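Notes follow the structure.
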Amino acid sequence: FLLGAAGALASCGTETTQLVEADVSQTMRVVYVDVYASSFNKIRGREIDVVPEQVVADVKAAVTVALSEQRGQRPVIVQVPVNDMQLVSMGQSYVFGGSSWLRGKIRVVDARTGEEVIPLTDIKAAKSDFAIGGLIGALTTEAVDEDYVATVAAFAQNIKTRMFGVDEN
């Protein structure tokens, strides 16, 4: 049991290392975001009435907004295959807590030349708030719709951080 809980906790992490040097990221301007379901077929954990096509549309909208402020001169296309999503269930919250997460990949190519700027790289983002375990955790777990929206937003923000670094503002 404890090993399972430790494994679940360890898998919640969000990597934030920037994928390219700042001098490269400052030149990029996102002109298109291509999100698609790779091996993704359903949200795991809590029950929610959202089909993979809706997840793809929501991720595309969130990533497009997150990357819209970048004003470099080099037009790039961001490709995001979505692989897996888990929303913390009431049972998981009760037993050992956790954080909802979304996993996919990112690849960035120059829109003019097709040159790969960022190779296909795993991306996993967990919501920043960790649901504590036990009865209190189960009772205070946010609504599934709110959890879904926050998890998609965290994934989009992580893509921005991995591409452009941490926003100092």
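Here the structure is a predicted model, which is why all the values come from computation and not from measurement.
- Shortest non-hydrogen contact noted between Arg29 and Gln70 is CG-O, 3.6 Å.
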* Starting from the C-alpha separation in whole Å, work towards a yes-or-no answer on side-chain contact (heavy atoms from CB on, under 4.5 Å) for Arg44 and Met85. => CA-CA 6 Å; Arg44 297 186 298 136; Met85 183 175 198; over 6 Å; no

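- Hydrophobic clustering (ILVMFWY, side-chain heavy atoms < 4.5 Å, transitive): Val31 and Val20 are in distinct clusters.
- At least one side-chain heavy atom of Ile48 sits less than 4.5 Å from a side-chain heavy atom of Asp145.
- In terms of hydrophobic clustering, with Ile, Leu, Val, Met, Phe, Trp and Tyr side chains grouped at heavy-atom distances under 4.5 Å, Val56 and Leu67 are assigned to a common cluster.
- Taking the side-chain hydrogen bond (donor to acceptor under 3.5 Å, both in side chains) definition, one finds that Tyr36 meets it with nothing, sequence neighbours left out.
- The closest donor-acceptor contact from the side chain of Arg162 to the backbone of Thr17 lies under 3.5 Å.
- Side-chain contact between Pro75 and Arg112: present, with at least one pair of heavy atoms (C-beta onward) separated by less than 4.5 Å.
- Without hydrogens or angle criteria, Arg74 side chain to Met28 main chain gives no donor-acceptor distance under 3.5 Å.
- Smallest separation of non-hydrogen atoms from Leu102 and Thr151: N-CG2, 3.9 Å.
- Here the shortest heavy-atom pairing between Ala111 and Ile77 reads CB-CG1, 4.0 Å.
- Asn83 and Gly104 make their closest contact through OD1-CA, 3.1 Å (heavy atoms, listed as atom of the first residue, atom of the second, distance).
- The closest donor-acceptor contact from the side chain of Arg46 to the backbone of Ile43 lies at 3.5 Å or more, if one exists at all.
- Judged purely by atom type and a 3.5 angstrom limit, Glu21 has no side-chain atom pairing as donor or acceptor with the backbone of Asp23.
- No chain of hydrophobic side-chain contacts below 4.5 Å, direct or via other Ile, Leu, Val, Met, Phe, Trp or Tyr residues, connects Ile106 to Val65.
- For the atom pair CE of Met163 and CG of Asn158, the computed distance is 12.0 Å after rounding to the nearest 0.5 Å.
- Under a hydrophobic-cluster definition in which Ile, Leu, Val, Met, Phe, Trp and Tyr are linked whenever side-chain heavy atoms come within less than 4.5 Å, directly or via other members, Val82 and Leu120 are assigned to different clusters.
- The CD atom of Gln26 sits 15.0 Å away from the CZ atom of Arg71 when rounded to the nearest 0.5 Å.
- For the pair Ala66 and Ala156, the tightest heavy-atom approach, listed with the atom from each and the gap, is CB-O, 3.8 Å.
- The CD1 atom of Ile159 sits 11.0 Å away from atom OG1 of Thr121, with the distance rounded to the nearest 0.5 Å.
- Here the CD atom belonging to Glu53 is positioned 11.5 Å from the CG atom belonging to Asp58, to the nearest 0.5 angstrom.
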* To do: Give the C-alpha distance, both sets of side-chain angles, the deciding distance and a yes or no for side-chain hydrogen bond (donor to acceptor under 3.5 Å, both in side chains) between Thr161 and Gln18.
  => CA-CA 7 Å; Thr161 300; Gln18 191 170 347; over 6 Å; no

* **Criterion side-chain contact (heavy atoms from CB on, under 4.5 Å) on Asp34 and Val80, from CA distance to verdict** => CA-CA 6 Å; Asp34 179 23; Val80 184; over 6 Å; no

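- Atom OH of Tyr148 sits about 9.0 Å away from atom CG of Leu87, to the nearest 0.5 Å.
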* Applying side-chain contact (heavy atoms from CB on, under 4.5 Å), run through Val55 and Val51 and close with a yes or a no. => CA-CA 7 Å; Val55 174; Val51 296; over 6 Å; no

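- Note that CG of Leu19 and CD1 of Ile118 are 5.0 Å apart. Values are rounded to the nearest 0.5 Å.
- For the residue pair Lys60 and Tyr32, the shortest heavy atom distance occurs at NZ-OH, 3.3 Å.
- Side-chain heavy atoms closer than 4.5 Å link hydrophobic residues (I, L, V, M, F, W, Y) into clusters, and following such links, possibly through other members, connects Val35 to Val50.
- For Ser99 (side chain) and Ala126 (main-chain N/O), no donor-acceptor pair under 3.5 Å exists by modelled atom type.
- Shown here are the salt bridge (Lys or Arg N to Asp or Glu O under 4.0 Å) partners of Asp122, two or more places apart in sequence or in another chain: Lys105.
- Formation of a donor-acceptor pair under 3.5 Å by the Thr27 side chain with backbone atoms of Ser25 is not found in this model.
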